[in-house]
**Q** 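The structure under discussion is supplied below as structure tokens; questions concerning it will follow.
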Amino acid sequence: MPGNRINWFYYAAPQRFHALAGRCIPWFAAAALLLAAVGLVVGLGLAPTDFQQGDSYRIIYIHVPVSWMSMVLYLAMAFWAAIGMIFNARLAFMLAQAIAPTGALMAFLSLWTGALWGKPTWGTWWVWDARLTSELILLFLYIGYLSLRGAIDDERRADRASGLLAIVGAVNVPIIYYSVKWWNTLHQGASVSVTQGSSMAEIMLQAMLIMSLALWAYCFAVVFARVRTIILERERGAAWTRKHLPREQWA
């Protein structure tokens with residue numbers, strides 16, 4: 001690595017990325033635990049009660065970050081699927097495969113916590129609101145991706161078929177984000193905007209951002225752990241995997 005620059009293509013090899021991910025997982029896991037603890041203390045203990053929604057609003061410290069992550073992870077999955085299809089990169093397909101279950105979990109938690117928030121706020125668990133419906137479609141896209149992969153035995157065909165679905169489905173992400181602007185919906189508009197700043201109290205915003213960072217760290221940790229398993233499964237014919245696999249799993 002001349003000039004102390006990181007050569008990212010060096011880690012495109014599954015063997016090298018497997019080692020890199022293993023070194024990163026403990027750091028991301030520790031960061032996730034620490035940030036989540038701080039964020040929950042600030043959000044549940046220090047942030048004031050909302051004058052309109054009372055304490056029920058505190059679900060936002062889970063709901064908003066998982067909703068953000070459900071969209072970010074889908075775009076990441078579609079990005080790596082596209083890289084895999086363009087460059088025929090095995091590791092990119094593995095990363096897309098590793099992201100999907102965590103993204104599906106984030107989408108499910110977004111819908112579940114949204115229902116918990118909606119009952120005291122709107123008086124109902126569910127409405128066919130534009131944002132809720134498009135988020136439900138996102139969950140179905142994750143499930144469709146995972147189901148399509150599982151239905152095809154050949155790994156290369158599964159990579160390309162599921163990758164194409166991921167890429168096409170990415171059009172739903174901007175629909176989720178802009179749904180409250182494009183349609184008349186019950187769902188409130190964004191409280192945090194890059195261009196307009198935040199309409200929240202500063203301590204509320206701090207708690208939400210800390211919880212968001214905690215989820216980022218958590219997602220990195222679990223995706224890296226999962227991709228290490230996928231690499232070993234798909235590369236088990238290589239000699240280097242033998243020190244990581246039981247003898248009966250050697251190809």
Side-chain angles (χ1 to χ4, degrees), residues 1 4-41 61-62 64-84 87 89-110 142 145-146 149-150 155 158-159 162-163 166 208-251:
M1 300 182 187
N4 294 323
R5 291 180 299 175
I6 298 176
N7 181 5
W8 295 109
F9 291 103
Y10 177 84
Y11 293 106
Q15 178 181 0
R16 294 172 185 148
F17 191 84
H18 182 273
L20 174 65
R23 293 194 296 270
C24 291
I25 289 171
W27 292 98
F28 283 120
L33 288 172
L34 178 61
L35 289 167
V38 173
L40 290 174
V41 168
Y61 300 121
I62 301 296
V64 174
V66 296
S67 299
W68 286 345
M69 289 309 303
S70 70
M71 294 185 285
V72 169
L73 288 174
Y74 194 92
L75 291 178
M77 182 179 74
F79 170 79
W80 287 116
I83 292 296
F87 298 104
R90 292 175 299 153
L91 180 60
F93 285 124
M94 295 180 200
L95 283 167
Q97 182 182 353
I99 290 169
T102 304
L105 174 63
M106 294 295 114
F108 172 78
L109 289 176
S110 173
Y142 277 121
Y145 174 92
L146 292 167
R149 277 206 60 85
E155 290 288 356
D159 284 339
S162 59
M208 186 183 296
L209 294 179
I210 292 170
M211 288 300 297
S212 299
L213 290 174
L215 271 179
W216 271 94
Y218 166 80
C219 290
F220 270 112
V222 295
V223 168
F224 279 1
R226 189 176 296 114
V227 80
R228 278 168 57 86
T229 301
I230 293 171
I231 289 172
L232 292 179
E233 288 176 350
R234 296 179 62 168
E235 300 287 312
R236 61 182 177 272
W240 71 268
T241 64
R242 294 186 176 183
K243 64 180 180 180
H244 301 284
L245 292 172
R247 182 177 293 272
E248 57 270 17
Q249 294 186 25
W250 292 3

**Q** Please lay out, stage by stage, how L40 and I210 fare under the test side chain to side chain contact (heavy atoms under 4.5 Å, CB included).
**A** CA-CA 9 Å; L40 290 174; I210 292 170; over 6 Å; no
**Q** Taking all non-hydrogen atoms of both residues, which atom of M208 and which atom of W68 are closest, and how far apart?
**A** SD-CH2, 3.8 Å
**Q** In residues 95-109, what donor-acceptor pairs under 3.5 Å come from side-chain atoms, sequence neighbours left out?
**A**
unit_1 : atom_1 : unit_2 : atom_2 : d
Q97    : OE1    : R149   : NH2    : 3.3
Q97    : OE1    : R234   : NH1    : 3.1
T102   : OG1    : R226   : NH1    : 2.8
T102   : OG1    : R226   : NH2    : 3.4

**Q** Does S110 have any side chain to side chain contact (heavy atoms under 4.5 Å, CB included) partners at least two apart in sequence or in another chain, and if so, which?
**A** H63, V66, S67, E135
**Q** For a 4.5 angstrom cut-off between non-hydrogen side-chain atoms, does L35 reach M211?
**A** no
**Q** With Y145, which residues qualify under ring pair (Phe, Tyr, Trp, His ring centres under 6.0 Å), at least two apart?
**A** none
**Q** Tell me, please, which residues at least two apart from A82 pass side chain to side chain contact (heavy atoms under 4.5 Å, CB included).
**A** I167
**Q** For L75, enumerate each residue passing the side chain to side chain contact (heavy atoms under 4.5 Å, CB included) test, keeping only those at least two apart in sequence or located in another chain.
**A** A170, V173
**Q** Going by side-chain hydrogen bond (donor to acceptor under 3.5 Å, both in side chains), name the pairs with one or both residues in residues 19-28, residues two or more places apart or in two chains.
**A** none
**Q** Side-chain polar contacts of residues 213-221 - donor-acceptor pairs under 3.5 angstrom, sequence neighbours left out - could you list them?
**A**
none

**Q** To the closest 0.5 Å, what do you measure between CD1 (I231) and CE (M94)?
**A** 6.0 Å
**Q** If you look at every heavy atom in Y11 and F17, which pair is closest and at what distance?
**A** O-CB, 3.4 Å
**Q** Kindly write out the residues that satisfy salt bridge (charged side-chain N to carboxylate O under 4.0 Å, His left out) with R90, not counting sequence neighbours, or none if the list is empty.
**A** E235
**Q** Among pairs that include at least one residue of residues 71-82, which meet side-chain hydrogen bond (donor to acceptor under 3.5 Å, both in side chains), considering only residues two or more places apart or in two chains?
**A** none
